2 protein chains.
Amino acid sequence: MNINEAIDLLKENGYKATGKRKDILNYFADSDGYRTAKDLIKFLEKKDDAVSFDTIYRNLHLYNEVGILETTELNGEKHFRMNCTHHHHHHFICNKCGKTKEIEVCPMDEVTRSLANYEIDGHKFEIYGLCPTCQ
Amino acid sequence: MNINEAIDLLKENGYKATGKRKDILNYFADSDGYRTAKDLIKFLEKKDDAVSFDTIYRNLHLYNEVGILETTELNGEKHFRMNCTHHHHHHFICNKCGKTKEIEVCPMDEVTRSLANYEIDGHKFEIYGLCPTCQ
DNA sequence: TTTACAAATCGTAATGATTACGATATGATG
DNA sequence: CATCATATCGTAATCATTACGATTTGTAAA
């Protein structure tokens, strides 16, 4: 997802596109990988753009709700990345830099068969390790 | 893993098998699903067995390190369950009761081929939903 | 079995991330 | 450009987890 799509999504859901919200979107749009709340705070502080915790966390949750960000837990910390809007896929995630690579394989069709009486709401398939650059 | 295997594992690693450690092991051995630190604390309080936070968290980490417990994040909370010692497999996890069902499918062979220059350290494949009992 | 001692636990204080709140500022709409 | 609901600010409160000095307890040797 790019910034414009994200802003549209905000407006569609009745939320304002404020300066702070755009700053946060810019950060994730340029990241191309998983980042923590702390990463974001550091980034905003560097550009002399003091942001209240309230604003950070409120918007991270909001973005997750409306589908702008997706989230996962890496090494005990919550991480966020821009949501992928195209076809269904999964990710390799680098433990060092947080960058991701798309994985096309998804075994859910096979799995569903063996869970006949179960109600399936979601699934997670992630591969962890080091990307070529971080090795 | 059962309690005796867990105690052996502790001793092999040079740790003592104390009363509190056995209480904690008993809880997870009887659970057959994912439980939080809070669940454990509640359980121990009920049986009039006051346990310090220090003891709870120190041992949860220890058990995770030596391979007695495995951990995952569910609905924003860290959960633990007795580790499976037999063949490699994954889990369906009930969002309500935390109980698990084994899934034999694992797509890692297929995936490895598409990650030639990546160093793979681990992977996670989990299916979430409601078990037949909780629907 | 007793002793000795390192390891484990206790009770509580400290930490750190996240959430909450009243006051102020700001985007969107007419 | 005026209005007002929404968003943000600065800070305080909360909650889970971690840390610490004092005390207790397994373990293994005597």
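None of these values were measured; they are calculated from a predicted model. So you know, we letter chains A, B, ... as the sequences are listed, proteins then strands, and number each from 1.
Atom CD1 in B/I7 sits about 15 Å away from atom C1' in C/dA8, given to the nearest Å. Rounded to whole angstrom, the span from the CZ atom of B/R21 across to the P atom of D/dG26 amounts to 11 Å. Put simply, CG on A/D23 is 14 Å from C1' on D/dA7, counting in whole angstrom units. The interatomic distance linking B/E73 (CD) with D/dT17 (P) rounds to 11 Å, in whole Å. Separating the CD atom of A/E45 from the C1' atom of D/dC9 is a distance of 14 Å, rounded to the nearest angstrom. Here the C1' atom of nucleotide D/dT6 and the CG atom of A/N13 are 15 Å apart, to the nearest Å. If you measure from atom CD1 of B/I56 to atom C1' of C/dC10, you get 12 Å, rounded to the nearest angstrom.
Under the side-chain contact (heavy atoms from CB on, under 4.5 Å) criterion, B/E102 pairs with B/H86, B/H87, B/H89, B/H91, B/E104, sequence neighbours left out. Remark: A/T55 pairs with A/K20, A/V51, A/S52, A/R58, A/N59 by the side-chain contact (heavy atoms from CB on, under 4.5 Å) rule, at least two apart or across chains.
Within the 4.5 Å cutoff, the side chain of B/H79 has no heavy atoms near those of the B/R35 side chain. Contact annotation: the side chain of B/R21 approaches that of B/T18 to within less than 4.5 Å [non-hydrogen atoms, C-beta and beyond]. Side-chain contact between A/D39 and A/T36 is present, with heavy atoms from C-beta onward closer than 4.5 Å.
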Polar-atom pairs under 3.5 Å, protein N or O versus N or O of nucleotides 25-30 of chain C: list them with distances, or write none.
{"unit_1": "C/dA28", "atom_1": "OP1", "unit_2": "A/A17", "atom_2": "N", "d": "3.3"}

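Applying the ring pair (Phe, Tyr, Trp, His ring centres under 6.0 Å) test to residues at least two apart or on different chains, the pairs with a partner in residues 37-59 of chain A are A/Y27-A/F43.
Of the inter-residue distances, the one linking A/N83 atom CG with A/M1 atom CE reads 5.0 Å to the nearest 0.5 angstrom.
Note on the helix from C/dT1-D/dA30 to C/dG30-D/dC1: angle between the axes of the first and last five pairs equals 40°, rounded to 10 degrees.
The distance between the ring centers of A/H90 and B/H123 does not fall below 6.0 angstrom. Ring-centre distance between B/Y34 and B/F80: not below the 6.0 Å cut-off.
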Stepwise side-chain hydrogen bond (donor to acceptor under 3.5 Å, both in side chains) check, B/E65 with B/Y63: CA-CA 5 Å; B/E65 245 168 55; B/Y63 288 173; over 6 Å; no

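In this structure, A/K99 places its NZ atom where only 12 or fewer heavy-atom neighbours from other residues, nucleotides or ligands lie under 6.0 Å away.
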Nucleotide-resolved protein contact map, nucleotides 11-20 of chain C, B/S/- at heavy-atom distance under 4.0 Å: B-----SSBB

